[in-house]
Amino acid sequence: MARVKTIGILTSGGDAPGMNAAIRAVTRAAIVEGYKVFGIYRGYEGLIHDDVKELTTESVSSTIQRGGTFLKTARSKDFMTEEGRAKAVETLKKYNIDALVVIGGNGSLTGAQMLAMEHDIRCIGLPGTVDNDLAGTEHTIGYDTALNTIVEAVDKIRDTATSHNRIFLVECMGRDAGFLAQNSAIAVGAEAAIIPEDQTGQDQLAAFIGRGIRKSKNSSIVMVSESGKSGGGAMHYAERVRNEYPDFDVRVSILGYLQRGGTPTAYDRILASRMGVAAIEALKEGQRNIMIGIQHGEIVYVPFSRAIKQDKPLSKELIHVLDVLSI
Ligand code: F6P
């Protein structure tokens with residue numbers, strides 16, 4: 001296989017804190033290796049519309065601490081079509097890009113997989129999403145920062161919940177994954193988490209009320225995953241509390257997009273830096289169509305087909321810990 005000389009890098013899908021640190025790491029590691037690096041702006045949209053600029057070591061100076069992504073991001077509908085992907089390949093050819101590094105979540109890595117399969121492009125993925133829902137990696141870039149942001153916000157909500165003796169349903173991101181809800185619930189000392197992964201078939205709201213929590217406590221915090229495929233969401237559950245348990249004073253706080261912003265934590269910066277360097281190592285080794293992951297503290301290569309399978313279970317131990325501690 002011909003040696004890589006030029007790489008492209010893009011961020012795609014929802015932004016996540018630490019993406020800049022990842023771009024920086026990929027760019028610098030590539031330059032050290034003698035590669036030319038092109039930054040592709042606005043994700044796959046930029047690839048289709050030739051929004052490309054060369055990156056130097058200076059282009060990524062002072063970016064490691066910044067949230068968001070300076071390459072911008074998008075959810076490209078055109079890239080979901082064969083014509084769109086064919087146009088994207090024209091741009092890759094125009095700049096002689098022989099490998100592409102994609103930083104993003106499920107949809108973005110699915111796009112990379114399609115590009116790799118249809119056009120034989122060497123693609124390496126980095127898991128960049130606050131949802132932590134990519135399989136084969138214990139953590140995704142941005143998840144730790146979002147989790148800490150949620151914890152900081154909910155600690156404040158707890159003050160008002162306690163002062164008013166209220167139940168607060170706090171909705172957090174995660175699409176169809178409950179990692180943010182479950183782990184933030186443990187970290188803030190919440191009384192329950194309502195998550196999409198619950199396989200017990202039990203009514204999670206009824207189970208929480210049924211535990212008699214309000215008898216022993218003045219206030220309750222329940223972390224609720226935003227409504228994805230499973231329906232639900234904090235508004236839905238608040239409506240149910242009002243109808244089914246009218247004695248309780250319930251309020252909703254939807255944390256929304258503040259969860260995706262802010263300066264990345266040290267953990268996310270280090271993770272992004274390690275993964276960025278690993279992406280270039282992987283290309284040097286001739287790897288293709290894999291996502292860089294982290295398992296037991298070590299870098300691992302995860303085939304795209306595995307990473308995007310959407311079968312990353314929440315550990316039962318986490319569910320047990322919250323149950324035990326929320327008495
Ligand atoms: O995938 C990251 C995420 O923040 C999800 O948690 C959320 O459902 C989604 O993106 C929101 O997407 P958008 O930015 O397109 O509204």
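First listed ligand is number 1; within each ligand, the first listed atom is number 1.
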Next on the checklist: Among all the protein's non-hydrogen atoms, which is closest to atom 8 (O) of ligand 1, and how far away is it?
Outcome noted: Glu226 OE2, 2.6 Å
Checklist entry - So which protein heavy atom does atom 2 (C) of ligand 1 come closest to, and at what separation? => result Asp131 OD2, 3.4 Å
Item to check | ring-ring contact (aromatic ring centres under 6.0 Å, His included) pairs, two or more places apart, involving residues 60-94 | outcome: Tyr44-Phe79
Checklist entry - Measuring from the heavy atoms of Gly105, does anything fall under 4.0 Å of ligand 1? => result no
Checklist entry - Salt bridge or not for Glu83 and Lys87, using N-O below 4.0 Å? => result no
Return a table of donor-acceptor pairs under 3.5 angstrom between the side chains of residues 98-114 and protein atoms on other chains or two or more places apart.
| unit_1 | atom_1 | unit_2 | atom_2 | d |
| --- | --- | --- | --- | --- |
| Asp98 | OD1 | Lys5 | N | 3.2 |
| Asp98 | OD1 | Thr6 | N | 3.1 |
| Ser108 | OG | Ser12 | O | 3.2 |
| Ser108 | OG | Ser12 | OG | 2.8 |
| Thr110 | OG1 | Asn106 | O | 2.7 |

Next on the checklist: Counting only nitrogen or oxygen atoms and a 3.5 angstrom limit, does Gly174 reach ligand 1?
Outcome noted: yes
Item to check | Min side-chain heavy-atom separation Asp176-Asp133 under 4.5 Å | outcome: no
Checklist entry - Can any side-chain N or O of Lys72 pair as donor or acceptor with the backbone N or O of Ile40 at less than 3.5 Å? => result no
Checklist entry - Just which atoms of ligand 1 are under 4.0 Å from any heavy atom in Arg75? => result 9 (C), 10 (O), 11 (C), 12 (O), 13 (P), 14 (O), 15 (O)
Checklist outcome for this item: ligand 1 atoms nearer than 4.0 angstrom to some heavy atom of Met173 are 4 (O), 6 (O)
Checklist entry - Could you give the distance from CZ (Phe304) to CG (Leu115), rounded to the nearest 0.5 Å? => result 9.5 Å
Checklist entry - For ligand 1, which atoms sit closer than 4.0 Å to a heavy atom of Tyr257? => result 11 (C), 13 (P), 14 (O), 16 (O)
Checklist entry - Relative to the heavy atoms of Arg260, which atoms of ligand 1 are at a distance of less than 4.0 Å? => result 3 (C), 4 (O), 9 (C), 10 (O), 11 (C), 12 (O), 13 (P), 14 (O)
